[in-house]
Asks: 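Right, I'll just put the structure down here and ask away after.
Excluded from the calculations below are hydrogen atoms, water molecules and symmetry mates; all remaining heavy atoms, backbone and side chain alike, are included. So you know, we letter chains A, B, ... as the sequences are listed, proteins then strands, and number each from 1. Small disclaimer: the values here were computed from a predicted structure and weren't measured.
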Amino acid sequence: MTPTRYAIGFLCAFGLASTAIGGPRETLIDRYAAAAKAADAGFAGFSAARGETLHRTQYNMGKADTPACTSCHGNDTRSAGRTRTRKPIEPMALSVSPERYKDIAKVEKWFKRNCDEVLGRECTPLEKGDWLAYMMNQ
Amino acid sequence: MNIPVRPVVAGLLVIGLTAAVLTKARAGGDDYFPPVKDKLTVDECGSCHMAFPPAMLPAASWRRMMVELDDHFGDNASLDPQTAAHVTRYLVDNAADAGGRRYGRKLMKGVPAGASPQRITELPKWVREHDEVSRSEWQHKDVGSKANCLACHVDANDGYFEDD
């Protein structure tokens, strides 16, 4: 029973993943990977673990009331967050918000705004790729 | 997709508020401000706070706001020029002294012609309508900001600012 379920789960996940190949998310990741490699020849792929650190670290380098990504997006990637004006933000985990990260211009726009809010600078392609790897794993 | 979630969240917020604020917000007249119907404007102006109805500010306000988006109340809300032009046109066309006059006129009392106030929450008429709301109600954790209209006006996204 359990192994069968695992197998089915695996096939479904695989099926989903393969239908996504060549989609806008992959284009985006490829783009960040190329830029990360150009910046550092030793680049060896994105890391969800580094992405999680980026997401959770209290940087305090941007605006006072938003020290971390979690200040708005919340501690649980699968639950809603909220903006400073208290508007709910849908969860960031791809598993619960399957429509996310398809619109490249939208992703870029918010990385630019939010990295500035939290880090006081833009995020590097490596940071963006790591963060997306984390959310796509969630 | 978003539609079923928001009213639920707004509903939950409201339950947390004092009954007094609620009764007050529910009582009263016919204040309807047509909600934003333009998709691009909802997307670009409705992610950090509700997309405020264009009839709540005069055209000069929207024009000024739209060229100062890189420092929008301390946030960077800037848009590419094409998107900005589209959104500006929509807001200006439906402003309180343009297409939205019928609805917006009442909020414009005391605003000098040609002025470009940037906050709805600082319009003299808005301040007067809210002078019964106490400090503790504004500071309630589910309100947090005067600009969080939805905390008290549950149907604000449909254009209704009192009754629900």
Asks: Salt-bridge test for A:Lys112 and A:Asp116: reply yes if a basic N is under 4.0 Å from a carboxylate O, no otherwise.
Replies: no
Asks: Measure A:Lys109 against the heavy atoms of chain B and call it side chain, backbone, both or neither at under 4.5 Å.
Replies: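 A:Lys109 touches chain B through side-chain heavy atoms alone.
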Asks: Testing the basics here: between A:Tyr32 and A:Gly129, what is the closest heavy-atom pair and its distance to 0.1 Å?
Replies: CD1-N, 4.1 Å
Asks: Output yes when A:Arg121 and A:Glu127 qualify as a salt bridge under the 4.0 Å nitrogen-oxygen rule, no when they do not.
Replies: yes
Asks: Does this structure show an ion pair linking B:Glu129 with B:Lys125, if we count only N-O contacts that are shorter than 4.0 Å?
Replies: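 Yes.
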Asks: Is the charged tip of B:Arg135 near the ring of B:Trp138: under 6.0 Å from the six-membered ring centre and within 45° of its axis?
Replies: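 Cation-pi check for B:Arg135 and B:Trp138: fails.
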Asks: Before accepting this row, confirm whether a basic side-chain N of the pair A:Glu52/A:Arg56 lies closer than 4.0 Å to the acidic partner's carboxylate O.
Replies: yes
Asks: Considering heavy atoms only, which positions within residues 60-78 of chain B lie below 4.5 Å of chain A?
Replies: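 If one takes a 4.5 Å heavy-atom cut-off, the residues of residues 60-78 of chain B near chain A are B:Gly74, B:Asp75, B:Asn76, B:Ala77, B:Ser78.
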